[in-house]
Novice: 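Below you'll find the structure I mean.
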Amino acid sequence: MLALESLRETILSNAPTKDVVGVFLALNLCAYLVVYVSKRWTDLFGKTARASSPDVEKPASGVRGKVTRPPGEWTPSDFKRPTAAPYPDWNVHTTKPIPYRPFRYGPKYFITMGLRSMKWDEWIELDNHYLKYHADKARRIEERGSKCCHTDPEAMDGAIELLEELCAYLPERYPTMFQKTATGITNTITNETFNITQRPLPEDPMATAARLVQDDLALMIERPDGEYYLLGGAILLAGFWRLTDKFGMRLSEIHTSGSVPGYESKLEKGMMNFFRRLKPEDPVIRNNYFIQVDDNLAWSYSIGSEDAETVSWNTAEKNRAVECHYFRSERQSLRRLPKSGAVVFTIRTYFEPVTEIVKEPFVPGRLADAVRSWGDDVSRYKGKEKYQEVLLEFLDRKHSEQVEGGLKVEKEDEMRSYPF
Ligand SMILES: *[C@@H]1O[C@H](CO)[C@@H](O)[C@H](O)[C@H]1NC(C)=O
Ligand SMILES: *[C@@H]1O[C@H](CO)[C@@H](O)[C@H](O)[C@H]1NC(C)=O
């Protein structure tokens, strides 16, 4: 893991700290890459990442396209997603959000950043915050339009295939809320009906997709140059980044706008291989978390106005009261759509006051350990300097209370396992 960790550190430490937007998307994708590449390298070349050097360091220049691609890459596929089982006892008013607590102490941190393979049933998670998320999204689609939701013509097939997939999956998984129709889907709770066969579509298909789920959505599309581009998105509740800052960019541009030594040859190639080889039948998920020092799910105004030219943790107020600290956890999925080949990235955010999650056994102690274990680069992009004093004092106090109340710290691994 060491080589991979340092690769990741390189990415992180070279990401421009002011570019909060870039860093967030970058981290999401980089973490995928690092772990996936690790797995791939192990699969293909044996135990260590080193073994793959010849492949990774082969110059990315030269003829691109079908001929030079590695074996195992995606080609249009007949793959059909297995039918989803209904979510047990799901109810839009009573099903609670899944309490992801994806943080660990110290060395385990990197290992658990990893990808897990996704169970098909669990592609999209919905809960009793649905109506709030739905209303927030509708308001933001209305207010911000294509700044938040946009589909490039090149991504249109992918966006429509995404809609078709949602229209098939959601009624299987959440039959008490969705009904499949001949031309699309009906949400029986919000009373919306979407006809996805209509042309032209009545609105951007990514906006329609966003209205169906609680997630933010992004589409990465392969162009003839063999690179993946962010060409479709519904980024409505992302908190720290804006679609307009990254739309149309190549993966490597999303990852860093500065010049990173070694990036071009190593990371870029690995990243491309990851995307090229992602198969429709092998979706993956991962979890991630942030601290936010204001209570706005959609946009963390602490880092600046959503309409500011640049946004940055530098502008955030330091040491706000702990009541203003929110725990923002993300559950991300990545899959390739079989017909269009578009890669769909879903980002579901769970948002809770820190003062609430500390009531759970082990959580304050473990979160404090995790925050303390962030390296300088991670600390910078997560804005630690702005809240660490208040947050850590509070977490330590809550942890002490739990220990005084009889918490058996050594039992933690038995009681809570990642990502909970
Ligand atoms: C949806 O329609 C039903 C039946 O007409 C109605 O009772 C319900 O209040 C409507 N829901 C919303 C969110 O408008
Ligand atoms: C959906 O759109 C198609 C194409 O415009 C149209 O033929 C059809 O009548 C519409 N169906 C419904 C239920 O609105």
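Note that the structure is a prediction, hence the values are computed from the model and not measured. Throughout, numbering of the chain's residues begins at 1 and tracks the sequence. Each ligand, and each atom within it, is numbered from 1 in the order the structure gives.
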Novice: Return a yes/no value: protein heavy atom under 4.0 Å from atom 9 (O) of ligand 1?
Specialist: no

Novice: Mark up the atoms of ligand 2 that fall under 4.0 Å of a heavy atom belonging to Thr197, in ascending order.
Specialist: 1 (C), 2 (O), 3 (C), 4 (C)

Novice: For atom 5 (O) of ligand 2, state whether the nearest protein heavy atom is under 4.0 Å away.
Specialist: yes

Novice: Between the side chain of Arg366 and the main-chain N/O of Arg101, is any donor-acceptor distance below 3.5 Å?
Specialist: yes

Novice: For ligand 1, is there an N or O atom under 3.5 Å from any N or O atom of Thr190?
Specialist: no

Novice: For atom 2 (O) of ligand 2, is the nearest protein heavy atom closer than 4.0 Å?
Specialist: yes

Novice: Report yes or no: does a heavy atom of Ile189 sit under 4.0 Å from some atom of ligand 1?
Specialist: yes

Novice: Which residue and non-hydrogen atom of the protein lie closest to atom 11 (N) of ligand 1, and at what distance in Å?
Specialist: Asn191 ND2, 2.9 Å

Novice: Do the two ring centres, one from Phe351 and one from Phe327, sit under 6.0 Å apart?
Specialist: no

Novice: So, is Asn195 polar-close to ligand 2, with some N/O to N/O distance under 3.5 Å?
Specialist: yes

Novice: Does the Arg328 side chain pair with the main chain of Leu297, one donor and one acceptor, at a distance under 3.5 Å?
Specialist: yes

Novice: Taking the six-membered ring for Trp, are Trp241 and Phe290 ring centroids under 6.0 Å apart?
Specialist: no

Novice: Using 30° and 60° as the class limits, which term best fits the ring planes of Phe178 and Tyr174: parallel, tilted or perpendicular?
Specialist: perpendicular

Novice: Is it true that Trp313 and Tyr387 have ring centroids separated by less than 6.0 Å?
Specialist: yes

Novice: Give a yes or no answer on whether the side chain of Lys137 reaches the backbone of Leu237 with a donor-acceptor pair at less than 3.5 Å.
Specialist: no

Novice: For atom 13 (C) of ligand 2, what's the nearest protein heavy atom and its distance?
Specialist: Thr183 OG1, 3.9 Å

